[in-house]
Amino acid sequence: MTRRATVAAISAVTLLLLGCSAGARTADRPAPAPTTGADAATTTTTTATELLRSGTEFVDRTSFRSDVDIAGQLTTLTHTDNVNKRADSTIAAFGRVTQIRMIDNEVYLKTELDLPGAGREWMKLDPARVPSDFALSFAPGRNDPGGSARLIDAIVSARADGPHITGTIDLTRVGAGNGITVRPGPDGFPDSARRTAFSAMLDADGRLVGFSIAAADGMPSATLRYSDFGAPVDVVRPRGAVAAPDALYPQLGLSG
């Protein structure tokens, strides 16, 4: 990573957001990036992005696993069942692990990070006190821990070749939220960030199973994968969980 731009993985609060978010607010999604060029190119991009959108409809219909990897330095693994309101996440970065469990409206968190005022035991969060950009929810439009909608909305150009989709994405439009989060560094984004190469893969049932953003001009690579469709998601309430201390809440989300 460079000082010019960075994909989320800078701080503990960003780490927590990336790993446990259950979906971005629909209203917070960036507007779709405009396509340019000849009508044929526009049609190709439109068709490819619609395939990607259709490929994420499983989020509201079945259970799934999502994996995010930022340049091999930060990884998240999340099992989600939005239908039955169950989810668990494991986030690993900087040699520390954070775990989140969600059961109906209950949210539990345990972290090895040194968060001032918070211990390392299981804590039960008050959903009403969780910052909006922590975005824990099973509600449609906010329930995809992979954040695929923001990636698709930021596509500049795309072409589908069977189940393979390739093109360019405007990283300045991805914004902050669940899944892959892109934020400018002190010097802003490099010019190449507006047209960074990406590739995606659909499975035999048309579901999105992979979305990769290439490393370029100091921007790290990032990958999102979906798998284990329909597998049971069993989440157990942790024994002995304590009420999250007041000091924890301001440290959650990207504004912490």
Hydrophobic cluster mates of Val233, side-chain heavy atoms under 4.5 angstrom, ILVMFWY only, any path?
-> Ile103, Val235

Same cluster or not: are Leu51 and Ile155 linked, directly or through other Ile, Leu, Val, Met, Phe, Trp or Tyr residues, by side-chain heavy atoms under 4.5 angstrom apart?
-> yes

Might you point out which heavy atoms bring Met123 and Ala118 nearest each other, and give the distance in Å?
-> SD-CB, 4.2 Å

Find the distance between CG (Asp153) and CZ (Arg173) and round it off to the nearest 0.5 Å.
-> 8.5 Å

Decide whether Leu113 and Trp122 are clustered together by the hydrophobic rule: side chain heavy atoms of Ile, Leu, Val, Met, Phe, Trp, Tyr closer than 4.5 Å, transitively.
-> no

Are there more than 12 heavy atoms of other residues, nucleotides or ligands under 6.0 Å from atom CG of Asp126?
-> yes

In sequence, state the C-alpha distance, the side-chain angles, and the governing distance for Val236 and Arg101, and then conclude on side-chain contact (heavy atoms from CB on, under 4.5 Å).
-> CA-CA 8 Å; Val236 178; Arg101 298 181 187 178; 4.3 Å; yes

Only one of Thr45, Thr49, Thr168 clears side-chain hydrogen bond (donor to acceptor under 3.5 Å, both in side chains) with Ser157; which?
-> Thr168

Side-chain contact, heavy-atom cut-off 4.5 Å: Thr75 with Ile70?
-> no

Which heavy-atom pair separates Ser221 from Ala215 by the least distance, and what is that distance?
-> N-CB, 3.6 Å

Flag side-chain contact, heavy atom, 4.5 Å: Asp114 against Arg96 = yes

Return each pair, listed once, that meets ring-ring contact (aromatic ring centres under 6.0 Å, His included) where at least one residue sits in residues 71-91; pairs must be two or more places apart or across chains.
-> none

Check the pair Ile100 / Ile91 against side-chain contact (heavy atoms from CB on, under 4.5 Å), numbers first and verdict last.
-> CA-CA 9 Å; Ile100 297 96; Ile91 309 100; 3.2 Å; yes

Would you please name every residue forming a side-chain hydrogen bond (donor to acceptor under 3.5 Å, both in side chains) with Glu106, sequence neighbours left out?
-> Tyr108, Arg237

Who are the side chain to side chain contact (heavy atoms under 4.5 Å, CB included) partners of Asp161, not counting sequence neighbours?
-> none

4.5 Å side-chain heavy-atom contact, Pro116 and Gln251 = yes

Heavy-atom pair of closest approach, residues Leu171 and Val182 = O-CG1, 3.5 Å

Would you check if Ser89 and Thr76 make a side-chain contact, meaning some heavy-atom pair closer than 4.5 Å?
-> no

Check whether Val83 and Val59 end up in the same hydrophobic cluster, where Ile, Leu, Val, Met, Phe, Trp and Tyr are linked by side-chain heavy atoms less than 4.5 Å apart.
-> no

Hey, what do you get for CG (Asp60) to CZ (Phe138), rounding to the nearest 0.5 Å?
-> 12.5 Å

Non-neighbouring partners of Thr80 that pass side chain to side chain contact (heavy atoms under 4.5 Å, CB included), sequence neighbours left out | Phe64, Thr78, Asn82, Ala87, Pro145

Give every residue pair that meets the ring-ring contact (aromatic ring centres under 6.0 Å, His included) criterion with at least one member in residues 140-170, sequence neighbours excluded.
-> none

Here the salt bridge (charged side-chain N to carboxylate O under 4.0 Å, His left out) pairs for residues 82-95, sequence neighbours left out, are Arg86-Asp104

Under the side-chain hydrogen bond (donor to acceptor under 3.5 Å, both in side chains) test, which residues partner Asp81, sequence neighbours left out?
-> Asn84

Rounding to 0.5 Å, atoms CZ (Arg159) and OG1 (Thr47) come to a distance of 10.5 Å

Within a strict 4.5 Å, meaning less than it, do heavy atoms of the Val209 and Leu202 side chains meet?
-> no

Between Val174 and Leu151, is any pair of side-chain heavy atoms under 4.5 Å apart?
-> yes

Looking at Gly117 and Ala247, what are the two nearest heavy atoms and their distance?
-> CA-CB, 3.9 Å

Arg150 and Gly175 have their tightest heavy-atom pair at NH1-O, 3.1 Å

Side-chain donor or acceptor of Glu57 paired with backbone N/O of Arg53 under 3.5 Å = no

Look at the side chain of Glu112 and the backbone N and O of Val97, then say whether any donor-acceptor pair between them is shorter than 3.5 Å.
-> yes

Residues two or more places apart in sequence or in another chain: which of them pass side chain to side chain contact (heavy atoms under 4.5 Å, CB included) with Ser192?
-> Pro190, Asp217

Inter-residue atom distance Leu252.CG - Leu115.CG, 0.5 Å rounding = 8.0 Å

Applying side-chain hydrogen bond (donor to acceptor under 3.5 Å, both in side chains) to Asp67 and not counting sequence neighbours gives Arg65

What side-chain donor-acceptor pairs closer than 3.5 Å can you find for residues 222-229, not counting sequence neighbours?
from	atom 1	to	atom 2	distance (Å)
Tyr226	OH	Asp144	OD1	3.0
Tyr226	OH	Asp144	OD2	2.9

What closest approach, in Å, do Ile165 and Ala158 show between heavy atoms, and which atom pair accounts for it?
-> CG2-CB, 4.2 Å

Between the main-chain N or O of Glu50 and the side-chain N or O of Ser54, is there a donor-acceptor pair closer than 3.5 Å?
-> yes

Can you name the residues that form a side chain to side chain contact (heavy atoms under 4.5 Å, CB included) with Asp205, not counting sequence neighbours?
-> Asp203, Arg207

